[in-house]
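The structure's right below; bear with me while I get my questions together.
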Amino acid sequence: MRCRSARGRTPRKEGDTHMSEVRVRFPPSPTGYLHIGGARTALYNWLFAKKHGGKLVLRIEDTDAERSTQESIQGIIDGLNWLGITWDEGPYFQSEHAAEHVAAANQLLASGHAYKCFCTKEELDAKREKAQANKEDYKYDGTCRNLTPEEVAAKEAQGLPAVIRFKVPRIEGKVGFDDAVYGRVERAYADIEDFVVVRSNGLPLYLLCNVVDDIRDRITHVIRGQDGLVNTPRQILIYQALGATLPTFAHMPLTLDLNKAKISKRSHGEIVAVQFYRDHGFLPWALANFLVLLGWSPGDDREIFSREELIEAFSLSGITRSNSIFNYRKDDPKFFTDPKALNINAHYLRSLPIEEIAPLVQKELEKAGLWDAAYAGEQKAWFLQTLTLIRERFHTLTDFATLGRAYFADDFPIDEQALTKNVLKHPELKELLPELADQFAALPELTAAEAERVAREFAEAKGVKPGLPINAARALITGQIKGPSMFELFEHLGKERVVKRLRRVAQYFN
RNA sequence: GUCCCCAUCGUCUAGUCAGGUCCAGGACACCGGCCUUUCACGCCGGCGACACCGGUUCAAAUCCGGUUGGGGACGCCA
């Protein structure tokens, strides 16, 4: 089926920017939050538009009034904003174009590309069930396809409700198109039933609305999930019947869960919500960077991209054809989501300019009630230095408020393992640490160099390994079993705090 | 069930169109080592895949056919 030559590293049909401006769209249906699958679709469209100097249209497909909600619309917009995906037009609302959809349906009717069908839902259901019972493939049998104008008029006179069906050409051959990702895709006319384009209540269906909107919005490239692949031949039929030019189609592989089921809001919940990542300390661009890699590759070894680099590198031809798995394990004690996503987030956390990280950390500290206005004022240098010191081993922004609490507050829990292993296991620390604290206190200035000298001499004098008081100090001062160099920390946190926390050792032995 | 799509390490993938440079490269994860006051970073090393069967060819991950496996779509949802 697929024409191999249509894909690969050689340029595929996707450029064609000379003819007209590139226009793509992201058309979410507002029936829930923005999930990572939708975000990825939006991202690919956005990248493609940016790459070609085109426009991205945001169009809310809200024709399913029963399921569409205002919160959902806001949630999607918030999600896109947070990710930094900007659009050039919209949001447009599909519901505002209902008249055009109806007009298009009437045009199809008038031109003989569609017909009224009076079969009732019950009749159809019965036929479908019968076919299923006989293990036969069900397709609409065309009962109303050849009704004479008189018959139609008679049924309408009786007030019988009717849907409008598209009249699929009953000819040999296939409808096909060159997908920018999958290559040549074809479907036999015989395999396409006369599908419904307008409900019996007069409301047009998605398949039609979507095409009408794309024509009106002058969409040149339809980049969407592979679950739309089988719809495409039918939509092409509509384009042709409406006398419109076909856009280029590019179907992207789906994102599956570990059980290889399509991820969905319904079955996967918050773990697939963009908002979840915002709330769990992800940097927006880190998520975007991770998502783009799910089904796309630049063709070389690069995996970390700045915005500009990604726009430059992005291409439809780099999209894979096979579905990818979003590798998260529920209840994994170590990784709360895909390890690679976490890794990319950690990468940005420790490599971005500290000034870019600071405002994001500020938000986390504010949420935890740990923010001090001075961190943005006279203590700004100290604050930035703190982040520089601790960000190296953090994976998310929330870590600053949890694992890093001791840097911003005097009340902080001490990691159990740190306490037992580095403090309680060595009862002599109960006397040693206050003594060390006294020596620090006696210093004119507690610099890193002085702290190191004093600590080492102290250990030697007491006949213990330097690691003993140092690691104990880490537990008591930072609450953690791991962390930055303690000598630097003694200086950075200041004599007063260091001495005070060291002297607290006794209370833990009770 | 029918139609469509897909198939390389556990996961994301490069390589497939233009067969040989691939006893298959990178990243994450995992394991070991170095570094070190701890952990992390970093560096070094290890583990680990062309689904299967045929065919074409001097030569196949790559081309062809089939099998198996997986996914998607089969609504008067979007």
Side-chain angles (χ1 to χ4, degrees), chain A residues 1-10 12 27-31 61-64 66-68 94 117 120-121 124 128 131-132 134-139 161 163-165 179 182-183 185-188 191-193 195-201 203 205-207 209-210 225-233 251 253-254 256 258 260-262 290 293-304 320-327 334-335 338-344 346 350 392-394 418 422 452 455-456 459 465-471 473-475 480-487:
Chain A
M1 260 324 149
R2 204 184 64 235
C3 173
R4 310 296 292 206
S5 64
R7 67 156 271 116
R9 289 295 162 202
T10 45
R12 288 188 302 205
S29 54
T31 54
E61 306 221 321
D62 57 347
T63 43
D64 186 350
E66 287 184 17
R67 294 196 299 157
S68 300
Q94 189 165 62
C117 167
T120 65
K121 214 168 182 172
L124 263 17
R128 202 190 328 265
Q132 274 171 358
N134 295 338
K135 294 199 191 275
E136 286 166 7
D137 184 29
Y138 173 79
K139 281 193 202 64
V163 299
I164 297 176
R165 283 184 187 274
D179 191 275
Y182 289 94
V185 177
E186 293 178 323
R187 191 144 178 225
D191 287 334
I192 308 174
E193 69 170 350
F195 52 96
V196 176
V197 290
V198 179
R199 298 176 174 94
S200 54
N201 64 7
L203 294 176
L205 259 3
Y206 159 80
L207 220 54
C209 300
N210 191 252
Q226 192 233 69
D227 43 357
L229 195 58
V230 282
N231 280 333
T232 311
H251 288 89
L254 305 178
L256 275 23
L258 224 44
K260 298 197 172 171
K262 187 167 88 163
F290 166 73
L293 258 16
L294 237 40
W296 174 84
S297 145
D300 54 40
D301 287 344
R302 288 176 297 162
E303 295 202 314
I304 299 292
T320 331
R321 285 168 296 174
S322 49
N323 295 337
S324 53
I325 292 173
F326 178 56
N327 188 19
K334 196 164 176 190
F335 303 104
D338 192 306
K340 193 150 190 169
L342 248 9
N343 176 275
I344 290 175
R350 63 174 177 260
E392 187 95 330
R393 58 221 93 207
F394 287 171
N422 290 343
E452 176 158 13
R456 288 194 189 282
K465 284 185 190 168
L468 182 73
I470 291 167
N471 289 327
R474 187 184 337 273
Q480 299 291 305
I481 196 166
K482 53 188 182 178
S485 154
M486 279 314 290
F487 305 125

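Within every chain, numbering begins at 1; the chains are lettered A, B, ... in the order of the sequence lines, protein sequences first and strands thereafter. Keep in mind that this is a model prediction, so the values were computed, not measured.
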| Atom CG of A:D338 to atom P of B:G10: distance rounded to whole Å? |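 These atoms are roughly 16 Å apart.
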
| query | Which part of the nucleic acid, if any, lies within reach of A:S324 when heavy atoms closer than 4.0 Å are counted: base, sugar-phosphate only, or nothing? | reply |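 Sugar-phosphate: the residue A:S324, judged by heavy atoms under 4.0 Å, touches backbone atoms but no base.
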
| Taking atom types as modelled, is there a side-chain donor on A:Y182 or A:Q226 under 3.5 Å from an acceptor on the other? |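 A:Y182 vs A:Q226: donor-acceptor pair found between side chains.
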
| query | Reckon A:P339 touches a base, only the sugar-phosphate, or nothing at all at heavy-atom distances under 4.0 Å? | reply |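 Counting heavy atoms under 4.0 Å across all strands, the contact made by A:P339 is with sugar-phosphate only.
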
| said: What is the separation between atom CZ on A:R187 and atom C1' on B:C4, rounded to the nearest whole Å? | reply: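 To the nearest whole Å, that distance equals 7 Å.
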
| Sugar-phosphate only, base, or nothing, as touched by A:P484 at under 4.0 Å among non-hydrogen atoms |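 Here A:P484 touches the bases of the nucleic acid.
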
Please tabulate the protein-to-nucleotide N/O contacts below 3.5 Å involving nucleotides 71-75 of chain B, giving atom names and distances.
residue: B:G71; atom: O2'; partner: A:N323; partner atom: ND2; Å: 2.9
residue: B:G72; atom: OP1; partner: A:K262; partner atom: N; Å: 3.2
residue: B:A73; atom: OP1; partner: A:K262; partner atom: NZ; Å: 3.0
residue: B:G75; atom: OP2; partner: A:R128; partner atom: NH1; Å: 3.1

| Qualifying residues under ring-ring contact (aromatic ring centres under 6.0 Å, His included), relative to A:F394, sequence neighbours excluded |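 Checked A:F394 against ring-ring contact (aromatic ring centres under 6.0 Å, His included); matches are A:F400.
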
| query | When all nucleic acid strands are considered with a 4.0 Å heavy-atom cut-off, which category describes A:F487: base, sugar-phosphate, or nothing? | reply |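 Here A:F487 touches the bases of the nucleic acid.
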
| field | Whole-angstrom distance between B:G71 and B:C44, as gauged at atom P | value |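 After rounding to an integer number of Å, I get 40 Å for this pair.
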
| message | Measuring only between side-chain heavy atoms, which start at C-beta, is A:V163 closer than 4.5 Å to A:V198? | response |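 No, too far: nothing below the 4.5 Å cut-off.
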
| request: Spell out yes or no: do the side chain of A:K340 and the base of B:A27 have one donor N/O and one acceptor N/O closer than 3.5 Å? | output: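 Answer yes: a donor N or O sits under 3.5 Å from an acceptor.
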
| Partners passing ring-ring contact (aromatic ring centres under 6.0 Å, His included) against A:F326 (at least two apart in sequence or in another chain) |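 ring-ring contact (aromatic ring centres under 6.0 Å, His included) list for A:F326, sorted by chain: A:Y328.
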
| So what does A:E303 hit on the nucleic acid, given a heavy-atom distance under 4.0 Å: a base, only sugar-phosphate, or nothing? |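 Here A:E303 touches the bases of the nucleic acid.
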
| request: Rounded off to whole Å, could you give me the CG-to-C1' distance for the A:L207 and B:A78 pair? | output: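 It is 10 Å, rounded to the nearest whole Å.
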
| field | Between P of B:C76 and CZ of A:F195, the distance in whole Å | value |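 After rounding, the reported distance stands at 12 Å.
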
| Under-4.0 Å side-chain N/O to phosphate OP1/OP2 contact, A:R456 with B:U37 |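 So the side chain of A:R456 is within the cut-off, an N or O lying under 4.0 Å from OP1 or OP2 of B:U37.
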
| request: Check every strand shown and say whether A:T31 touches a base, only sugar-phosphate, or nothing at a heavy-atom separation below 4.0 Å. | output: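 Nothing, no nucleic acid heavy atom in range.
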
| request: Check whether the side chain of A:S485 and the base of B:U38 form a donor-acceptor pair under 3.5 Å. | output: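 No pair found.
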
| Reckon A:G225 touches a base, only the sugar-phosphate, or nothing at all at heavy-atom distances under 4.0 Å? |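 No contact.
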
